[in-house]
A.B. asks: 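Provided herewith is a single structure, encoded as structure tokens, for subsequent inquiry.
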Amino acid sequence: MKTVAISILGTTMDRRGKGDKRWDKWRPTVSMCQHEDLLIDRLELLFDNHSQGLANQVTEDIALVSPETEVVHHKVNFPDPWDFETVYSQLLDFARGYQFRPNRERYLTHITTGSHVAQICLYLLTEAGYLPGKLLQTSPARRDSDAPGQYQVIDLDLSRYDQIASRFQKEHQEGTVYLKGGIQTNNAPFNRMIEQLEKVSIRSNAPILITGPTGAGKTQLAQRVYELRKQRGKLEGRLVAINCATLKGENTMSALFGHKKGAFTGATADRAGLLKEAHKGLLFLDEIGELGLDEQAMLLRAIEDKRFIPFGSDRETSSDFQLIAGTNKDLAQKAREGSFRADLLARIDLWTYELPSLRDRIEDLEPNVDYELESFSNKAGHLVSFNRAAREKYLAFGRSADATWAANFRDLNASITRMATLADGGRITVEVVDEEIRRLKHKWHTPAHGGEHARSAVESVLGSGSSAEMDYYDQLKLAALIDVCRRSSSMAEAGRKLFNVSRQAKKSSNDSHRVKQLLGKHGLRFEDLQT
């Protein structure tokens with residue numbers, strides 16, 4: 001593994017002495033490369049436009065004392081080197097634009113040179129993770145020593161600095177806001193979940209499992225986790241995403257693990273496969289519950305050993321990727337039924353996060369409306385907004401019982417897009433809102449959509465494709481049962497709603513038992529519908 005040092009050119013200390021006399025003085029940047037037990041393979045040297053001559057001299061001197069050290073120049077200008085915001089911003093831009101390779105290189109941030117403000121900013125960026133690695137502090141040798149000086153490598157550990165950890169709360173907040181797409185959400189459980197996910201995204205490369213109904217935003221969240229990790233130098237490769245429900249038959253093995261030419265009819269050339277494409281990056285497998293048991297077994301080994309065998313090959317290949325899996329199914333139930341490997345589930349659910357439906361976090365409707373409007377305005381190139389009465393009417397309807405938001409945020413996106421497109425002069429009026437409300441009511445409550453809602457409700461608990469094996473009549477009954485149970489705090493309460501007439505004719509009724517029997521026919525439990 002190569003050692004890379006990042007250092008600001010010392011315009012005072014690195015300029016000491018002229019001609020051969022410069023070798024009589026301790027110069028931190030040159031001396032850093034003279035230690036026999038600290039080999040710097042590459043030095044990333046930062047300096048402004050006025051210091052090119054000094055940078056060239058220092059580079060030449062390093063070539064004499066450490067020929068194996070490559071020196072790379074970077075122009076970083078500080079308009080006011082004593083202004084924290086300006087210096088931090090410039091160094092942050094450098095860090096975000098630099099291609100870190102933490103799997104192949106270790107990084108040392110030299111904090112001896114530069115202004116005190118720059119040194120503090122380098123410290124902050126290292127501790128926040130923007131500059132991955134450790135700090136390097138150098139100092140002159142004692143007067144009676146011919147050594148090139150002394151150095152100390154400092155491994156920052158926030159657990160040892162609890163009193164200053166609050167200084168980096170802003171970075172944590174920025175990360176959580178980023179994962180939420182910049183939306184200031186109000187749902188407390190959702191906010192707590194995102195706060196933890198931000199920490200996991202930065203500190204762990206273990207698999208992450210994201211669950212939740214269709215349209216809740218699993219794909220978008222996986223994309224933001226990837227971008228946050230990439231931004232903090234935790235990943236080098238690309239994001240590779242696939243919906244496993246689109247993979248069928250031999251194509252599943254080929255798409256995921258690749259194949260050799262001639263492995264099957266139509267395999268006219270080698271194929272790398274998605275796991276290989278995700279090397280050093282992130283692989284997002286949405287609807288992972290759709291994979292067959294054979295594919296699950298190969299995926300498990302690829303996660304644990306980073307190795308797998310392409311379809312039709314007799315040789316292993318490797319890929320070092322991070323996995324995020326998505327599902328709208330109950331994988332634990334599928335594991336009990338034998339259609340999902342328990343060992344794979346145990347491997348991917350170290351960090352599990354369930355995204356709630358829009359109805360379950362309806363207090364976030366308003367900020368998401370604003371987000372969708374802003375997104376539309378950016379794409380359209382002109383501002384679109386509600387007038388006051390129209391906004392109040394739309395939000396009131398969106399929070400009402402008539403608004404099912406069956407497709408969750410996809411429904412909201414489509415609704416805002418329609419109204420913004422029809423808004424004359426960029427103003428959404430009450431008339432536009434009235435038309436949209438009629439359209440949504442028709443969509444959510446017509447028999448055709450009732451069927452779609454029933455299918456969605458059934459498959460949310462029994463898995464994708466399960467409705468295809470049920471009569472439409474049975475889908476409607478089960479969907480109604482699921483809906484009542486979800487809106488009830490106990491089986492007894494659900495029973496009173498479901499059997500409101502027949503229970504009156506019974507001398508004694510066990511409503512809970514009747515509900516339990518109905519759910520049991522489909523392998524469901526009341527508790528499973530409460531999460």
A.B. asks: When rounded to the nearest 0.5 angstrom, what is the spacing between CG in Leu345 and CG in Leu209?
C.D. replies: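 These two atoms lie 7.5 Å from each other.
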A.B. asks: Ignoring hydrogens and geometry beyond distance, is a side-chain donor-acceptor pair present between Asn205 and Gln322 at under 3.5 Å?
C.D. replies: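 Side chains of Asn205 and Gln322: no pair found under 3.5 Å.
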A.B. asks: Will you find, in the side chains of Glu227 and Gln223, an N or O donor that is under 3.5 Å from an N or O acceptor?
C.D. replies: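 Indeed, the side chains of Glu227 and Gln223 share at least one donor-acceptor pair under 3.5 Å.
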A.B. asks: Does Lys75 have any side-chain contact (heavy atoms from CB on, under 4.5 Å) partners at least two apart in sequence or in another chain, and if so, which?
C.D. replies: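 Checked Lys75 against side-chain contact (heavy atoms from CB on, under 4.5 Å); matches are Phe47, Asn49, Gln52.
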A.B. asks: Any pair with a residue in residues 289-317 that passes ring pair (Phe, Tyr, Trp, His ring centres under 6.0 Å), sequence neighbours left out, goes on the list, sorted by first then second residue, please.
C.D. replies: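 Ring pair (Phe, Tyr, Trp, His ring centres under 6.0 Å) check on residues 289-317 returns Phe257-Phe308, Phe264-Phe311.
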A.B. asks: Please give me the minimum heavy-atom distance between Cys121 and Leu91, naming the atom from each residue.
C.D. replies: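 Closest approach of Cys121 to Leu91, heavy atoms only: CB-CD1, 3.8 Å.
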A.B. asks: May I ask you to test the Phe78-Val117 pair for a side-chain heavy-atom distance under 4.5 Å?
C.D. replies: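 They are not in contact (no side-chain heavy atoms under 4.5 Å apart), so the answer is no.
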A.B. asks: Heavy atoms, side chains only, cut-off 4.5 Å: are Leu365 and Leu412 in contact?
C.D. replies: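 They are in side-chain contact.
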A.B. asks: Which pairs with one or both residues in residues 271-285 pass salt bridge (Lys or Arg N to Asp or Glu O under 4.0 Å), sequence neighbours excluded?
C.D. replies: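 Non-adjacent pairs meeting salt bridge (Lys or Arg N to Asp or Glu O under 4.0 Å): Arg238-Glu277, Lys280-Asp320.
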A.B. asks: Can you tell me which residue pairs pass the ring pair (Phe, Tyr, Trp, His ring centres under 6.0 Å) test with a partner in residues 10-42, sequence neighbours excluded?
C.D. replies: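 Ring pair (Phe, Tyr, Trp, His ring centres under 6.0 Å) check on residues 10-42 returns His35-Tyr151.
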A.B. asks: Answer yes or no: is there a side-chain heavy-atom contact under 4.5 Å between Met298 and Leu256?
C.D. replies: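 Of all side-chain heavy-atom pairs linking Leu256 with Met298, none is under 4.5 Å.
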A.B. asks: Holding to side-chain contact (heavy atoms from CB on, under 4.5 Å), I want the full list of residues that pass it with Asp24, two or more places apart in sequence or in another chain.
C.D. replies: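 In terms of side-chain contact (heavy atoms from CB on, under 4.5 Å), with neighbours along the sequence ignored, Asp24 is linked to Lys21.
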A.B. asks: Are the side chains of Leu221 and Ile194 in touch, meaning some heavy atoms are under 4.5 Å apart?
C.D. replies: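 In contact.
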A.B. asks: Checking Arg341 now: which residues fulfil salt bridge (Lys or Arg N to Asp or Glu O under 4.0 Å) with it, not counting sequence neighbours?
C.D. replies: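 Asp343.
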A.B. asks: Is there a donor-acceptor contact under 3.5 Å linking the side chains of Thr352 and Asp349?
C.D. replies: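 Absent: no donor and acceptor within the cut-off.
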A.B. asks: Of all heavy-atom pairs between Thr112 and Gln137, which one has the smallest distance, and what is that distance?
C.D. replies: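 That would be OG1-NE2, 3.0 Å.
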A.B. asks: Are Leu299 and Ile288 packed together at the side-chain level, in the sense that at least one heavy-atom pair is separated by less than 4.5 angstrom?
C.D. replies: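 The answer is yes; the side chains approach within 4.5 Å.
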A.B. asks: Taking atom types as modelled and ignoring hydrogens, do the side chains of Asp61 and Gln57 form a donor-acceptor contact shorter than 3.5 angstrom?
C.D. replies: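 The answer is yes; a qualifying pair exists.
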A.B. asks: Starting at CD of Glu36, measure out to CD of Gln34 and round the result to the nearest 0.5 Å.
C.D. replies: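 Answer rounded to 0.5 Å: 10.5 Å.
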A.B. asks: Check salt bridge (Lys or Arg N to Asp or Glu O under 4.0 Å) between Arg361 and all other residues, then give those that pass, not counting sequence neighbours.
C.D. replies: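 Partners of Arg361 under the salt bridge (Lys or Arg N to Asp or Glu O under 4.0 Å) test: Asp364.
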A.B. asks: Hey, does Asp83 have a side-chain heavy atom less than 4.5 Å from the side chain of Tyr88?
C.D. replies: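 Heavy-atom side-chain distance check fails, nothing below 4.5 Å.
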A.B. asks: What's the spacing between Ile210 CD1 and Gln220 CD if we round to 0.5 Å?
C.D. replies: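 With rounding to 0.5 Å, CD1 (Ile210) is 10.0 Å from CD (Gln220).
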A.B. asks: Which pairs pass side chain to side chain donor-acceptor pair (under 3.5 Å) with one or both residues in residues 291-302, sequence neighbours excluded?
C.D. replies: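 Every side chain to side chain donor-acceptor pair (under 3.5 Å) pair that includes a residue of residues 291-302, provided the two are not neighbours, is Arg301-Asp305, Arg301-Glu316.
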A.B. asks: Do you know which two heavy atoms are closest between Asn408 and Ser357, and how far apart they sit?
C.D. replies: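 Shortest heavy-atom contact: OD1-CB, 3.0 Å.
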A.B. asks: Specify the closest pair of heavy atoms between Pro356 and Ala216, including all atoms of both residues, with the distance to one decimal.
C.D. replies: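 Minimum heavy-atom contact is O-CB, 3.8 Å.
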A.B. asks: Does the plane of the ring in Trp351 sit parallel, tilted or perpendicular to the ring in Tyr353? Use 30° and 60° as the thresholds.
C.D. replies: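 Judged by the thresholds at 30° and 60°, the geometry between Trp351 and Tyr353 is parallel.
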A.B. asks: Who are the side-chain contact (heavy atoms from CB on, under 4.5 Å) partners of Glu290, not counting sequence neighbours?
C.D. replies: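 side-chain contact (heavy atoms from CB on, under 4.5 Å) list for Glu290, sorted by chain: Cys244, Ala245, Glu287, Lys329, Ser464.
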A.B. asks: Please output the side-chain donor-acceptor pairs of residues 3-12 that fall under 3.5 Å, not counting sequence neighbours, one pair per line with the distance.
C.D. replies:
{"unit_1": "Thr3", "atom_1": "OG1", "unit_2": "Arg106", "atom_2": "NE", "d": "2.9"}
{"unit_1": "Ser7", "atom_1": "OG", "unit_2": "His110", "atom_2": "ND1", "d": "2.9"}
{"unit_1": "Ser7", "atom_1": "OG", "unit_2": "Thr113", "atom_2": "OG1", "d": "3.4"}

A.B. asks: Using 0.5 Å steps for rounding, measure from the CG atom of Leu122 to the CD1 atom of Ile111.
C.D. replies: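 So the gap between those two atoms works out to 8.0 Å.
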A.B. asks: Answer yes or no: does atom NZ of Lys260 have more than 12 heavy-atom neighbours from other residues, nucleotides or ligands under 6.0 Å?
C.D. replies: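 Count not over threshold, so no.
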A.B. asks: Any heavy-atom pair between the side chains of Ile40 and Ile62 that's under 4.5 Å?
C.D. replies: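 Not touching, per the 4.5 Å side-chain cut-off.
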A.B. asks: By salt bridge (Lys or Arg N to Asp or Glu O under 4.0 Å), which residues pair with Arg410, not counting sequence neighbours?
C.D. replies: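 None.
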A.B. asks: Under a 3.5 Å cutoff, is there a donor and acceptor pairing between the side chains of Asp14 and Thr29?
C.D. replies: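 Checked: Asp14/Thr29 side chains pair up, N/O donor to acceptor below 3.5 Å.
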A.B. asks: Does NZ in Lys134 sit with more than 12 non-hydrogen atoms of other residues, nucleotides or ligands closer than 6.0 Å?
C.D. replies: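 No, the 6.0 Å shell around NZ holds no more than 12 heavy atoms from other groups.
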A.B. asks: Please report the shortest heavy-atom distance between Phe100 and Ala95, naming the atom on each side.
C.D. replies: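 In this case the closest contact between Phe100 and Ala95 is CE1-O, 3.3 Å.
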A.B. asks: Is Asp80 atom CG crowded by more than 12 heavy atoms from other residues, nucleotides or ligands, each under 6.0 Å away?
C.D. replies: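 Enclosed: over 12 neighbouring heavy atoms sit under 6.0 Å from CG of Asp80.
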A.B. asks: Any chance the side chains of Lys306 and Ser318 put a donor and an acceptor closer than 3.5 Å?
C.D. replies: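 Note: Lys306 and Ser318 side chains miss the donor-acceptor criterion.
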A.B. asks: Could you work out, with side-chain contact (heavy atoms from CB on, under 4.5 Å) as the rule, every residue matching Glu68, not counting sequence neighbours?
C.D. replies: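 Checked Glu68 against side-chain contact (heavy atoms from CB on, under 4.5 Å); matches are Leu39, Ser66.
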A.B. asks: For residues Asp48 and Ser51, is any side-chain donor paired with an opposing acceptor at under 3.5 Å?
C.D. replies: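 Yes, side-chain donor-acceptor contact under 3.5 Å.
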A.B. asks: Can you find a heavy atom in the side chain of Tyr107 that is under 4.5 Å from one in the side chain of Tyr98?
C.D. replies: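 A side-chain contact exists here, since the closest heavy-atom pair is under 4.5 Å.
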